[in-house]
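These notes are about the structure you will find just below.
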Amino acid sequence: MDKSKLLDRLQKLRVKLYEVAEARGSLTDPDVLAISEEADQLIVTLQRIQKLEMSSESVNEWP
């Protein structure tokens, strides 16, 4: 999955997380936690992508 799709998925999860937490009235509800964990995994994946992009940019800057 490319970076823009991951960002889009993360945004949708953020909205869903808010809606479910609001509806359940608890941040510790199992459904809220499951959504949060999925979002966490996406964030880690995006951070890895960003780290790779930064590494390749710094390699390309060498003369």
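In this text, all values refer to a predicted model and were calculated from it rather than measured experimentally. Both backbone and side-chain heavy atoms feed into the values below; hydrogens, waters and symmetry mates do not.
- In this structure, CD1 in I43 is found 8.0 Å from OG in S36, a value given to the nearest 0.5 Å.
- Exactly one of L46, L42, D2 qualifies for a side chain to side chain contact (heavy atoms under 4.5 Å, CB included) with L7. That residue is L46.
- From L52, atom CG reaches atom CE of M54 across 11.0 Å, with rounding to the nearest 0.5 Å.
- At distances below 3.5 Å, at least one donor-acceptor pair connects side-chain atoms of S55 with backbone N or O atoms of K51.
- One finds the CD atom of E38 at 8.0 Å from the CD1 atom of I35 (value rounded to the nearest 0.5 Å).
- In this structure E53 satisfies the side-chain contact (heavy atoms from CB on, under 4.5 Å) test together with K3, I49, sequence neighbours excluded.
- The distance from atom CD of Q41 to atom CG of L13, rounded to the nearest 0.5 Å, is 10.0 Å.
- A 6.0 Å sphere centred on CG of L27 holds no more than 12 heavy atoms belonging to other residues, nucleotides or ligands.
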